A.B. asks: 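Take a look at the following structure, please.
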Amino acid sequence: QVQLVESGGGLVQAGGSLRLSCAASISILSFDAMYWYRQAPGKQRDLVAGFRKGGTTNYADSVKGRFTISRDSAKNKVYLHIHSLNAEDTAVYYCAADYGLAYRAWGQGTQVTVSS
């Protein structure tokens, strides 16, 4: 079973920055794609950033230019660098990975709260 564990969330002032981490139990090179999602209370879980094995990245319009997804294969980690935080970024952030033929792994989430 693949396990993903997020960390790095916290309370940050608007305009601040965070780096979220997602640690995988296996080599992230085994994944076909990795993603960051977020979910605010009462809202759907939305994709904010992702990349595929071939190197293609994508970002939600609301985070383009502010969020960057990256990885460190040696540490089995994927990161989400967040800048210029605003209130709309407040949510639980989840990492996810696609692998095998049709498998999706999810982390437990890490809370990001932006104060003004």
Side-chain angles (χ1 to χ4, degrees):
Q1 183 181 25
V2 173
Q3 293 181 317
L4 304 174
V5 179
E6 302 95 334
S7 62
L11 176 63
V12 183
Q13 289 266 40
S17 300
L18 281 175
R19 186 185 73 169
L20 307 183
S21 298
C22 176
S25 61
I26 65 172
S27 172
I28 63 173
L29 299 177
S30 300
F31 300 135
D32 298 310
M34 296 194 73
Y35 309 95
W36 283 97
Y37 287 77
R38 68 184 181 187
Q39 186 171 26
K43 305 293 184 180
Q44 66 182 7
R45 187 174 297 186
D46 292 326
L47 176 68
V48 296
F51 68 86
R52 298 196 60 80
K53 185 179 293 184
T56 302
T57 60
N58 63 282
Y59 298 91
D61 288 342
S62 60
V63 307
K64 285 180 180 176
R66 300 189 299 115
F67 288 25
T68 302
I69 188 169
S70 64
R71 66 182 181 183
D72 186 336
S73 298
K75 295 182 178 180
N76 293 340
K77 288 184 177 181
V78 62
Y79 303 100
L80 186 68
H81 299 82
I82 308 174
H83 302 282
S84 301
L85 283 157
N86 57 58
E88 286 67 47
D89 297 320
T90 294
V92 177
Y93 284 71
Y94 300 88
C95 66
D98 293 338
Y99 63 99
L101 294 178
Y103 296 100
R104 165 65 64 88
W106 289 95
Q108 85 291 343
T110 185
Q111 176 72 48
V112 172
T113 303
V114 182
S115 64
S116 58

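All of these numbers come straight from a predicted model, not from anything done at the bench.
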A.B. asks: Within a strict 4.5 Å, meaning less than it, do heavy atoms of the Tyr79 and Thr68 side chains meet?
C.D. replies: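 Side-chain contact under 4.5 Å: no.
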A.B. asks: Sequence neighbours left out, what pairs pass salt bridge (charged side-chain N to carboxylate O under 4.0 Å, His left out) with at least one residue falling in residues 73-84?
C.D. replies: none
A.B. asks: How long is the straight-line distance from OH of Tyr93 back to CG of Leu18, given to the nearest 0.5 Å?
C.D. replies: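 Going from the CG atom of Leu18 to the OH atom of Tyr93 covers 8.5 Å.
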A.B. asks: Applying salt bridge (charged side-chain N to carboxylate O under 4.0 Å, His left out) as the test, list every pair that has at least one member in residues 93-103; sequence neighbours left out.
C.D. replies: Asp98-Arg104
A.B. asks: Test of understanding: with ring-ring contact (aromatic ring centres under 6.0 Å, His included), list the residues that count as partners of Tyr59, not counting sequence neighbours.
C.D. replies: none
A.B. asks: Which residue pairs pass the salt bridge (charged side-chain N to carboxylate O under 4.0 Å, His left out) test when at least one of the two sits in residues 2-21, sequence neighbours left out?
C.D. replies: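 Counting only pairs at least two positions apart or across chains, no salt bridge (charged side-chain N to carboxylate O under 4.0 Å, His left out) contact touches residues 2-21.
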A.B. asks: Going by heavy atoms in the side chains, are Tyr99 and Val2 under 4.5 Å from each other?
C.D. replies: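 Counting from C-beta outward, Tyr99 and Val2 do come under 4.5 Å.
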A.B. asks: Hey, does Phe51 have a side-chain heavy atom less than 4.5 Å from the side chain of Val78?
C.D. replies: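 Val78 reaches Phe51 side chain to side chain.
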A.B. asks: Taking atom CZ of Phe67 and atom CD1 of Ile82, what is their separation to the nearest 0.5 Å?
C.D. replies: 4.0 Å
A.B. asks: What pair of heavy atoms forms the shortest contact from Gly50 to Ile69, and how long is it?
C.D. replies: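 Looking at all heavy atoms of both residues, the shortest contact is CA-CD1, 3.8 Å.
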A.B. asks: Considering all heavy atoms of both residues, which atom of Ala40 and which atom of Ala91 are nearest to each other, and what is their separation?
C.D. replies: N-CB, 3.8 Å
A.B. asks: Using a 4.5 Å cut-off between side-chain heavy atoms of Ile, Leu, Val, Met, Phe, Trp and Tyr, which other residues end up in the same hydrophobic cluster as Val5?
C.D. replies: none
A.B. asks: Could you state the interatomic distance from CG (Leu85) to OG (Ser115), rounded to the nearest 0.5 Å?
C.D. replies: 10.0 Å
A.B. asks: Locate the shortest heavy-atom distance separating Val112 from Gly9; write the atom from each residue and the value.
C.D. replies: CG2-CA, 4.1 Å
A.B. asks: Only counting residues at least two apart or in another chain, list the ones meeting salt bridge (Lys or Arg N to Asp or Glu O under 4.0 Å) with Lys64.
C.D. replies: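 In terms of salt bridge (Lys or Arg N to Asp or Glu O under 4.0 Å), with neighbours along the sequence ignored, Lys64 is linked to Asp61.
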A.B. asks: Excluding sequence neighbours, so at least two apart, what forms salt bridge (Lys or Arg N to Asp or Glu O under 4.0 Å) with Arg52?
C.D. replies: none
A.B. asks: Go through the structure and list residues passing salt bridge (Lys or Arg N to Asp or Glu O under 4.0 Å) with Arg66, not counting sequence neighbours.
C.D. replies: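 Per chain and number, Arg66 pairs via salt bridge (Lys or Arg N to Asp or Glu O under 4.0 Å) with Asp89.
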A.B. asks: Can you name the side-chain hydrogen bond (donor to acceptor under 3.5 Å, both in side chains) partners of Ser62, sequence neighbours left out?
C.D. replies: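 Result, side-chain hydrogen bond (donor to acceptor under 3.5 Å, both in side chains) vs Ser62: Arg38.
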A.B. asks: For Thr113, enumerate each residue passing the side chain to side chain contact (heavy atoms under 4.5 Å, CB included) test, keeping only those at least two apart in sequence or located in another chain.
C.D. replies: Leu11, Thr90, Gln111
A.B. asks: Considering non-hydrogen atoms only, spot the tightest contact between Ser116 and Ala14 and give its length.
C.D. replies: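 Looks like CA-CB, 4.5 Å.
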A.B. asks: List, by chain and number, the other hydrophobic cluster members for Val92, where Ile, Leu, Val, Met, Phe, Trp and Tyr join if side-chain heavy atoms come within less than 4.5 Å, directly or indirectly.
C.D. replies: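 Tyr35, Tyr37, Leu47, Tyr94, Trp106, which link up through side-chain heavy atoms under 4.5 Å apart, make up the rest of the cluster.
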A.B. asks: For Asp72, enumerate each residue passing the salt bridge (Lys or Arg N to Asp or Glu O under 4.0 Å) test, keeping only those at least two apart in sequence or located in another chain.
C.D. replies: none
A.B. asks: Looking at Cys22 and Leu4, what are the two nearest heavy atoms and their distance?
C.D. replies: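 Nearest pair, atom of Cys22 first, then Leu4: SG-CB, 3.8 Å.
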